Participant: 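After the structure tokens below, expect a handful of questions from me.
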2 protein chains.
Amino acid sequence: MKEALRKKGVPLTPQRLMILDVLQGSHDHVSAEDIFHEVQKSYPYINISTVFRTLDLLKDLDMVTVTDLGGGCLRYHTVTNSHHHHLICHRCGSTTEIEDSVLEPVRRAIDAGYGFEAQMHHFAIWGLCRECRHTDKEQQ
Amino acid sequence: MKEALRKKGVPLTPQRLMILDVLQGSHDHVSAEDIFHEVQKSYPYINISTVFRTLDLLKDLDMVTVTDLGGGCLRYHTVTNSHHHHLICHRCGSTTEIEDSVLEPVRRAIDAGYGFEAQMHHFAIWGLCRECRHTDKEQQ
DNA sequence: ATGACGATTGCAAGTAATTGCAACTGCATA
DNA sequence: TATGCAGTTGCAATTACTTGCAATCGTCAT
Ligand SMILES: [Mn+2]
Ligand SMILES: [Mn+2]
Ligand SMILES: [Zn+2]
Ligand SMILES: [Zn+2]
């Protein structure tokens, strides 16, 4: 990731290096606030807008994904070659990870029909989970 | 829509009626701010949080969709029986409407594989349009 | 070394959306 | 008519994120 940025001629400032370290070190979906607090431990002068601006930069270079998984703030994570997506039940909040291959037919249909390269790297798909569908039916 | 709300026992306050009128009267994707200003013309005491709370209510009842189409704020529109989605080029900003049928295979695969009822009523799918794909290739 | 220039940062102010709370509304009951 | 109560509203404060701007940094030419 750092190497890729260097190749593109993107200046790797100390702040950016620390943000990248946190991003790569955490295997979860992190918020800007998470990163901010983590970097603050070693560099208290870090500013939250630098974090947002660095995340914007990485997003524009397709190196991180930004997703609204609920919870009041956007979540970021580094793009790997194997994508995945999330099913989120908006009744019970449960989440399920799904493989990218599920979206492949859509990607192909959109390419074939519109010449559009759909960049769906990390989707949040909201709906009703198996359990909540059942309880909803019983209530009728 | 008003009738459906009455049936569910949702109180139809004057504020909610005015918000519903604006929502149904505009065939575009409207922002909360748009609705707020339109209602203000006839009722200057309307409060923006009442608009957001009413939109939340309608969203929870699956009567409006909320979508980030870029532009710095969320866009709302009433749910009709024929859904559609948007392709948005994050290089030139151009948008294309696509039919819901494109997403049908995904909906089916998610149902078959996970028992999850994916509620994809109004998606924004970001990527590269035909033209921008070409100019990107030429630059290499 | 010095100066110019573009890019980055910190800070403060601004924006879109949410939340806590007290006042108000509509409706049911006594 | 008076009282209680759930739900709604307006207002102010808060949150997540963005933006404008001046100070600073790194790089390169002189
Ligand atoms: Mn994920
Ligand atoms: Mn639309
Ligand atoms: Zn559920
Ligand atoms: Zn384009």
Side-chain angles (χ1 to χ4, degrees), chain A residues 2 5-23 29-40 42-61 63-77 90 93 124, chain B residues 2 5-23 29-40 42-61 63-77 90 93 124:
Chain A
K2 289 173 191 171
L5 288 166
R6 243 184 290 265
K7 265 187 193 161
K8 286 177 199 278
V10 174
L12 286 180
T13 65
Q15 288 92 333
R16 287 182 180 167
L17 286 170
M18 291 184 278
I19 292 166
L20 285 169
D21 282 340
V22 175
L23 259 174
H29 310 99
V30 290
S31 67
E33 196 75 11
D34 291 339
I35 298 172
F36 176 64
H37 282 122
E38 195 58 32
V39 172
Q40 250 188 348
S42 55
Y43 176 62
Y45 307 108
I46 185 75
N47 192 276
I48 189 78
S49 43
T50 302
V51 175
F52 279 111
R53 281 191 279 227
T54 302
L55 290 170
D56 265 11
L57 174 79
L58 297 173
K59 182 186 66 188
D60 290 346
L61 295 170
M63 299 176 80
V64 303
T65 58
V66 192
T67 317
D68 182 2
L69 298 168
C73 64
L74 299 174
R75 299 272 158 183
Y76 299 81
H77 89 15
H90 56 216
Chain B
K2 289 174 192 170
L5 288 166
R6 244 185 290 266
K7 266 187 194 163
K8 287 178 198 278
V10 174
L12 285 179
T13 64
Q15 289 92 332
R16 287 182 179 168
L17 287 170
M18 290 184 280
I19 291 166
L20 285 169
D21 282 340
V22 175
L23 258 175
H29 309 100
V30 289
S31 68
E33 195 75 13
D34 290 339
I35 298 172
F36 175 65
H37 282 123
E38 194 59 34
V39 171
Q40 249 187 351
S42 54
Y43 176 62
Y45 308 108
I46 185 74
N47 191 276
I48 190 80
S49 43
T50 302
V51 176
F52 279 111
R53 282 192 279 231
T54 302
L55 290 169
D56 266 10
L57 175 79
L58 297 172
K59 181 186 65 186
D60 290 346
L61 295 170
M63 297 175 81
V64 303
T65 59
V66 192
T67 317
D68 182 0
L69 297 167
C73 64
L74 299 174
R75 300 273 158 182
Y76 299 82
H77 90 15
H90 58 213

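Labels below follow one simple rule: chain letters A, B, ... track the order of the sequence lines, proteins then strands, and each chain is numbered from 1. Please read all numbers here as calculations on a predicted model, not as lab measurements.
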Participant: Would you call D56(B) and K59(B) a salt bridge, taking side-chain N to carboxylate O under 4.0 Å as the test?
Facilitator: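 Salt bridge flag = yes for K59(B) with D56(B).
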Participant: For Y45(B), does the OH atom sit with more than 12 other heavy atoms under 6.0 Å from it, leaving out its own atoms?
Facilitator: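 Count not over threshold, so no.
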Participant: Could you tell me whether L74(B) contacts a base, only the sugar-phosphate backbone, or nothing, with contacts defined as non-hydrogen atoms closer than 4.0 Å?
Facilitator: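 If one applies the 4.0 Å heavy-atom cut-off, L74(B) turns out to touch the sugar-phosphate alone, with no base involved.
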Participant: If you look at every strand shown and take non-hydrogen atoms under 4.0 Å, does S31(B) touch a base, only sugar-phosphate, or nothing?
Facilitator: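 If one applies the 4.0 Å heavy-atom cut-off, S31(B) turns out to touch nothing in the nucleic acid.
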Participant: Can a donor-acceptor pair under 3.5 Å be found between the side-chain atoms of R53(B) and the base atoms of dG10(D)?
Facilitator: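 Pair found.
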Participant: Backbone N or O of P11(A) within a donor-acceptor pair of the R16(A) side chain at under 3.5 Å?
Facilitator: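 Flag set: sc R16(A) to bb P11(A) pair under 3.5 Å.
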Participant: If you check the C73(A) side chain, which of dA17(C), dT8(D), dA16(D) turns out closest?
Facilitator: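 For the C73(A) side chain, the nearest candidate turns out to be dA16(D).
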Participant: Within the 4.0 Å heavy-atom criterion, would you say Y76(A) contacts the bases, only the backbone, or no part of the nucleic acid?
Facilitator: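 Since no nucleic acid heavy atom lies under 4.0 Å of Y76(A), the category is nothing.
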Participant: Can you measure I48(A) atom CD1 to dT9(C) atom P for me and round it to whole angstrom units?
Facilitator: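 Computing the I48(A):CD1 to dT9(C):P distance gives 14 Å.
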Participant: Look at all strands and tell whether E33(A) reaches a base, only sugar-phosphate, or nothing, counting heavy atoms closer than 4.0 Å.
Facilitator: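 Result for E33(A) = nothing.
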Participant: Is any side-chain N or O of T50(B) closer than 4.0 Å to OP1 or OP2 of dT9(D)?
Facilitator: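 Answer no for this pair, as no side-chain N or O of T50(B) is under 4.0 Å from OP1 or OP2.
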Participant: With nearest nucleotides of DNA chain D determined for V10(B) and S49(B) from heavy-atom distances, which residue corresponds to the more 5′ nucleotide?
Facilitator: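 Of the two residues, V10(B) wins.
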Participant: Look at the side-chain N and O atoms of Q15(A) and state whether any lies under 4.0 Å from the OP1 or OP2 oxygen of dG10(C).
Facilitator: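 Answer yes for this pair, as a side-chain N or O of Q15(A) is under 4.0 Å from OP1 or OP2.
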Participant: For Y43(B) and dG10(D), is the shortest distance between a side-chain N/O and OP1 or OP2 below 4.0 Å?
Facilitator: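 So the side chain of Y43(B) is within the cut-off, an N or O lying under 4.0 Å from OP1 or OP2 of dG10(D).
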Participant: Could you say whether A32(B) or T13(A) is positioned toward the 5' end of DNA chain C, judged by the nucleotide with the nearest heavy atom to each?
Facilitator: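 That would be T13(A).
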Participant: Nearest heavy-atom pair of V51(A) and I19(A): which atoms, and what distance?
Facilitator: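 Looks like CA-CD1, 3.8 Å.
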